[in-house]
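Notes for the one structure printed next.
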Amino acid sequence: MQAINDQKAIDTFIQQKALNEFRMAKELCELFDNERFWLHDQLQTITATALNSLVQFNAYLKNGGKYPKTAPLVGGVYFSEGKLKIFQHVVFDAHDHAGNLDKASATFTQLLATTPNCQTIGEIVRVFAGVCEKVKDSPDALREVQTLTYIKTADQARLIGFGDFCSTLGAYRTTQYGEAAFSPRSRTRCDGKNGNPTPARDGRAIDPAIAEALGLRPADKVATGNTFYLPLLPGDVVRAIDSVLGLPQGASISGTTSDTIWALETLSNFIYVGSGGNTADANLILLALAAIVSGYHHTALEVGLPMTINGYISYQPGLYTSFQSPAMAATRAGARIREILLAYENAEANRLMLITQRTATDRELTLFDKRDPDELARFRTAVTMNYGNYRKWQQLAHGPTRLPSENPSLFPRLELVGIIAL
C-alpha cells in the first residue's frame, strides 16, 4: 500500500476514476445497441412486450368506467414520468388522467414502430415498472385489475392477466438489506423531503470531461429530470462509501435500477420460461448499468447496490467484473461484456483507494496495488457490498449518534478500523 498526501493528486485520481466508470457504461450502452450483439433481440422483444402491454392496459382502463381506482393512478404515473426523454414532446395534465392515458398510448405506439436504443429501453422499462408498482401498492386498484386478461404479445399469441405483473415485489422491498438501504435515514439527499433542504432548481454543472465522454453538451446542467441534481447529505450511506473509496458522488442508491431489473425479470418470465426454465440471458439486467449510468442518472455503485440486494451479484466497487456472477460471465454475451468490464477494471485510471479525512482539505489516500494478491484480497473483502459490510458503512455514515443533525461529514483514519485496518 502507498500513502499519498498531495491534495491535487488525490483530486486527479478521483476525477480519473469517475471518468473511467462513465466511459465503461457508455461502451456497454453502445454494445447493447449493436444489432449483432446476442442480447439485442431479447431486449427488443421484452421492450415490445412492455409497450404492447401498456397500450392495451390503457385501453382497458378507459373502458366504461370499470376501473375508477386504477385509471387515475396510472394516469398519474405518466404525469410524474413526463420528464423522461420518451415523453419530451408530450404535455401531461395533472388533472386529466384519461387524456394522459391517450397521450402515453400514442407515444408507446410510435415507439413500437421503432428499434429503441439502450437508454430509451431503460426509460420504457422504468415506466412499465412504475405502473405495476403503483397498482401493486393500491389494494383497490389491484383488486380491479386482478382478473383483467389481455393480449400480451404483438402477434396476439398468448393472453395473461395484468394482475400477474403486479403480484410480485423485488427483494429491495422484502429483505432486511433492502429495507435498510432504501430507508430515509440511509438515503439522504437535498430533496426537500423529511426535513431535508431543497436543491438548486436551476441544476448542477456536469464535469466537462464526463459530459464529453457521455455525448452530452459541456454547458448542460443536471436539472429536475435527473436525480443527480439532488446533492447527497451527511448520513447518506452511499455518500460515505463514495467519500472513502474516491468514487463519483451521484444520487444515492438507485430505485430505478431495482425497478428495471424487476421488470426485466418479470417480463422475461412470461416470454422465455419453458420446460427448461427461463432461457433469457441473465446479463439482461446489466441494461441498468449501461443505460442508467451512461445517461448520467446514477453511478456504478448506485446501480451495483440494488443488483446485490436483489441477489444477482455481489458488487465490489472498482472491481467491475463483480457486476457478473460466474453464470452470467459464462454465456456468449456475458463473455463479451466481461471483456469490457475487465478492461476498465485493469485501467490505470481505476485505482483502488481509501481516502481518510482530517478536514475537507486535508486528506490522505491509501493506494492498493492491484497486482499484489494480498492487497487485492484485503481490498475486495472490505468493499464487497454484502449486508454485513453495508451495516459497517451505515454505522460509519451515521456515526455514534442516532440524530440525523449530527451525522459526520468527514471520515478520519480511526473511523475506518471497523471496515479495514490500514
Side-chain angles (χ1 to χ4, degrees), residues 17-34 37-40 42-43 46-47 116-126 129 170 172 181 210 213-215 226-228 238 241-242 245 247-248 250-265 268 280-329 331 333-345 347 350 383-385:
K17 189 177 186 76
L19 187 57
N20 186 63
E21 288 196 355
F22 284 111
R23 283 175 171 163
M24 175 184 70
K26 181 66 171 178
E27 186 168 345
L28 286 171
C29 195
E30 292 169 350
L31 177 66
F32 277 53
D33 283 341
N34 187 335
F37 183 50
W38 301 286
L39 296 186
H40 185 269
Q42 286 189 349
L43 269 179
I46 288 172
T47 304
N117 63 24
C118 177
Q119 291 185 359
T120 300
I121 291 173
E123 292 194 347
I124 292 167
V125 171
R126 166 179 170 153
Y172 79 103
I210 292 175
L214 296 179
N226 187 319
T227 48
F228 261 64
V238 167
I241 299 171
D242 291 340
L245 299 185
L247 302 174
S252 197
I253 187 171
S254 171
T256 304
T257 295
S258 297
D259 293 340
T260 297
I261 57 181
W262 172 86
L264 289 171
E265 182 178 51
S268 68
D281 194 299
N283 289 280
L284 288 170
I285 67 165
L286 295 180
L287 170 74
L289 174 62
I292 296 173
V293 178
S294 72
Y296 204 66
H297 293 290
H298 282 283
T299 66
L301 169 64
E302 293 165 359
V303 168
L305 268 172
M307 287 185 178
T308 300
I309 291 169
N310 283 275
Y312 293 97
I313 62 171
S314 185
Y315 184 55
Q316 301 144 16
L319 303 173
Y320 305 125
T321 51
S322 65
F323 267 112
Q324 291 179 305
S325 66
M328 292 168 67
T331 73
R336 177 67 188 99
I337 291 171
R338 190 171 188 82
E339 291 176 1
I340 295 175
L341 296 175
L342 186 60
Y344 284 91
E345 181 176 307
N350 180 42
V383 303
T384 297
M385 289 293 135

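Starting from 1, each residue takes its place in the sequence as its number.
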Report task. For side-chain contact (heavy atoms from CB on, under 4.5 Å), just list the numbers for Met385 and Ile241, CA-CA rounded to whole Å, side-chain angles, deciding distance to a tenth of an Å, and then say yes or no. Result -> CA-CA 10 Å; Met385 289 293 135; Ile241 299 171; 4.0 Å; yes
Do [X] and [Y] come within less than 4.5 Å of each other through their side chains, counting heavy atoms only?
X: Leu28; Y: Tyr344; result: no
X: Ile309; Y: Ile253; result: yes
X: Thr299; Y: Leu247; result: no
X: Leu287; Y: Cys118; result: yes
X: Val238; Y: Glu302; result: yes
X: Leu341; Y: Met24; result: yes
X: Leu305; Y: Ser254; result: no
X: Asp259; Y: Arg126; result: no

I'd like to know if the side chain of [X] pairs up with that of [Y] as donor and acceptor (distance under 3.5 Å, no hydrogens or angles considered).
X: Gln119; Y: Ser294; value: yes
X: Glu345; Y: Asn350; value: no
X: Asn117; Y: Thr120; value: yes

Distance in Å, [X] [atom1] paired with [Y] [atom2], rounded so as to fall on 0.5 Å steps:
X: Tyr315; Y: Thr308; atom1: OH; atom2: OG1; result: 9.0 Å
X: Leu264; Y: Ile285; atom1: CG; atom2: CD1; result: 8.5 Å
X: Asn310; Y: Thr257; atom1: CG; atom2: OG1; result: 9.5 Å
X: Trp38; Y: Leu43; atom1: CH2; atom2: CG; result: 14.5 Å
X: Thr384; Y: Ile313; atom1: OG1; atom2: CD1; result: 11.0 Å
X: Ile340; Y: Arg23; atom1: CD1; atom2: CZ; result: 15.0 Å

Between [X] and [Y], is there a donor-acceptor pair closer than 3.5 Å when you use the side chain of the first and the backbone of the second?
X: Ser322; Y: Gln316; answer: yes
X: Gln42; Y: Asp281; answer: yes
X: His40; Y: Phe32; answer: no

Looking only at heavy atoms, what is the nearest atom pair of [X] and [Y], with distance?
X: Glu21; Y: Ala300; value: OE1-CB, 3.5 Å
X: Ile210; Y: Tyr296; value: CG2-CE1, 3.8 Å
X: Phe323; Y: Leu286; value: O-CD2, 3.5 Å
X: Ala291; Y: Gly122; value: CB-CA, 4.4 Å
X: Ile121; Y: Pro116; value: CD1-O, 3.7 Å
X: Ile261; Y: Met307; value: CD1-CA, 4.2 Å

Query raised in the report: For Ile337 and Met328, what are the C-alpha separation, side-chain angles and deciding distance, and is it a side-chain contact (heavy atoms from CB on, under 4.5 Å)?
Result: CA-CA 9 Å; Ile337 291 171; Met328 292 168 67; over 6 Å; no
Query raised in the report: Should Arg336 and Glu339 count as an ion pair when the cut-off is N to O under 4.0 Å?
Result: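 The answer is yes: the pair qualifies as a salt bridge.
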**Report entry** Step-by-step side-chain contact (heavy atoms from CB on, under 4.5 Å) determination, Tyr320 to Asn20
**Finding:** CA-CA 11 Å; Tyr320 305 125; Asn20 186 63; 3.7 Å; yes
